[in-house]
J.: 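Supplied in structure tokens, the structure appears directly below.
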Amino acid sequence: MKVVRTMGELETAPGTGLVPTMGALHEGHRALFRAARAESERVVASLFVNPAQFDEQADLEAYPRDEEHDLQLARAEGVDVVFAPPPEEMYPAGFATWVDPQETGAEGTARPGHFRGVATVCLKLFNLVRPERAYFGQKDGQQVAVLRRLVRDLNVPVEIRVVPTVRDPDGLALSSRNGRLSAEERQRALGLPRALASAAREPNPVAAARASLNGLDPDYVEVLDLGDAKLLAAAIRVGSTRLIDNVLLEGEIQ
Ligand code: PAF
């Protein structure tokens, strides 16, 4: 596995699958690498904690980083190239051009500027790596919707693939942020996947999820449209940790 830190060292090749990540890799990322490996001749992963998509400086600073562990996991999953640039490589002095997807609702409203940061860094990665397909987790369902619109609107020849959410045995969706939960907070956080799973079977899933999330004070409960699938999505705050999750309402994840 080759680890490169500058754009100049990145090579392009046909049949490439790209897995963009912010590191702190877990089983959810493993599933993305496996999906990419299964249908690509060459797998490129990026490890870059993108400062532009954090709306809170404290959240950026607290974001877990463990490059040695990440490289080991990527190597074990057969990743061919890891692109792990420093921030100044992606945002050099004078950087001033942004992709602003005008996304409102759910994360778009709760985290102003977040999708502008995501869309900008992903377009840069698509241009640098030139993948045929790029892989993202269902857990960030709205990110998938934003990126699918980006490649359509800006004619970027990349297929956006979605990989189902990986959960711990108790039902909590894997997230780099889960490590910040105390045992008691984790118990409370389980209310999120439980509420979404039971509400998805109700005639008015948004109202049903709101009713069962009552004590968890959700930022939002919304239906997200990915084109081929509809998701019931919500965000909650448990202590100082913000968690998002979603479940399939109709259609297929692909
Ligand atoms: O989902 C993520 O980890 C990030 O938003 C992404 C896609 C790597 C862009 O920084």
Side-chain angles (χ1 to χ4, degrees), residues 7 10 17-33 35-36 43-56 59-60 62-67 69-71 73-74 77 79 81-91 95 98-101 103 106-108 110-129 131 133-151 156 158-166 173-180 224 226 231 233 235 241-246 253:
M7 300 185 222
L10 266 177
L18 170 68
V19 183
T21 83
M22 297 208 299
L25 303 181
H26 51 61
E27 291 299 314
H29 298 102
R30 226 187 257 282
L32 299 179
F33 294 147
V43 177
V44 177
S46 59
L47 293 185
F48 179 62
V49 183
N50 175 28
Q53 70 187 74
F54 285 80
D55 45 320
E56 290 174 19
D59 193 26
L60 171 62
Y63 202 81
R65 291 166 172 87
D66 186 349
E67 194 184 272
H69 159 269
D70 292 344
L71 294 179
L73 190 150
E77 290 305 330
V79 171
V81 179
V82 168
F83 177 47
E88 59 278 14
E89 181 71 5
M90 293 301 271
Y91 301 108
F95 182 93
W98 298 93
V99 182
D100 194 346
E103 177 74 1
E107 296 297 298
R111 303 182 65 190
H114 171 67
F115 286 122
R116 183 175 98 135
V118 169
T120 303
V121 83
C122 285
L123 183 59
K124 283 172 72 74
L125 290 168
F126 297 161
N127 285 335
L128 288 165
V129 176
R133 290 169 294 270
Y135 297 80
F136 299 89
Q138 176 196 335
K139 190 173 84 58
D140 297 299
Q142 195 176 9
Q143 170 169 277
V144 169
V146 164
L147 293 173
R148 282 196 167 152
R149 202 173 57 225
L150 177 148
V151 298
V156 185
V158 177
E159 192 188 328
I160 304 295
R161 309 276 277 132
V162 191
V163 175
T165 303
V166 178
L174 292 191
S175 162
S176 312
R177 294 187 162 90
N178 291 356
R180 296 189 205 159
L224 302 176
L226 300 198
L231 305 175
T241 309
R242 186 170 183 278
L243 298 173
I244 61 172
D245 199 355
N246 65 66
I253 297 296

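Both ligands and their constituent atoms are indexed starting at 1 by order of listing. Scope of the values below: all heavy atoms of this structure, side chains included, with no hydrogens, waters or symmetry mates.
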J.: Looking at CG of Asp245 and OG1 of Thr165, how far apart are the two atoms once the value is rounded to the nearest 0.5 Å?
T.: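 Rounded to the nearest 0.5 Å, the CG-OG1 separation comes out at 6.5 Å.
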J.: With a 4.5 Å limit on heavy-atom distance, are the side chains of Thr21 and Phe48 in contact?
T.: no
J.: Would you name the heavy atoms of Leu226 and Gly141 that are closest together and state the gap between them?
T.: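 The pair with the smallest heavy-atom distance is CD2-O, 3.1 Å.
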J.: Distance under 4.0 Å to a non-hydrogen atom of Val121: what atoms of ligand 1 satisfy this?
T.: 9 (C), 10 (O)
J.: Look only at interatomic distance and state if Thr21 has a nitrogen or oxygen under 3.5 Å from any nitrogen or oxygen of ligand 1.
T.: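 No, Thr21 has no N/O under 3.5 Å of an N/O on ligand 1.
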J.: Testing the 3.5 Å rule here: is there a donor-acceptor pair between the side chains of Tyr63 and Asn50?
T.: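 Short answer, no.
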J.: Quick test of your reading of the structure: of Gln53, Met22, His114, whose heavy atom lies closest to atom 10 (O) of ligand 1?
T.: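 Considering heavy atoms of Gln53, Met22, His114, the nearest to atom 10 (O) of ligand 1 sits in Gln53.
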J.: Should you measure from each heavy atom of Pro20, which atoms of ligand 1 turn up under 4.0 Å away?
T.: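 Here the atoms of ligand 1 in question are 8 (C).
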J.: Could you walk me through whether Arg133 and Tyr135 pass side chain to side chain donor-acceptor pair (under 3.5 Å), step by step?
T.: CA-CA 7 Å; Arg133 290 169 294 270; Tyr135 297 80; 3.1 Å; yes
J.: If hydrogens are left out, which of Gln143, His29, Lys124 has an atom nearest to atom 1 (O) of ligand 1, that is, the closest non-hydrogen atom?
T.: Gln143
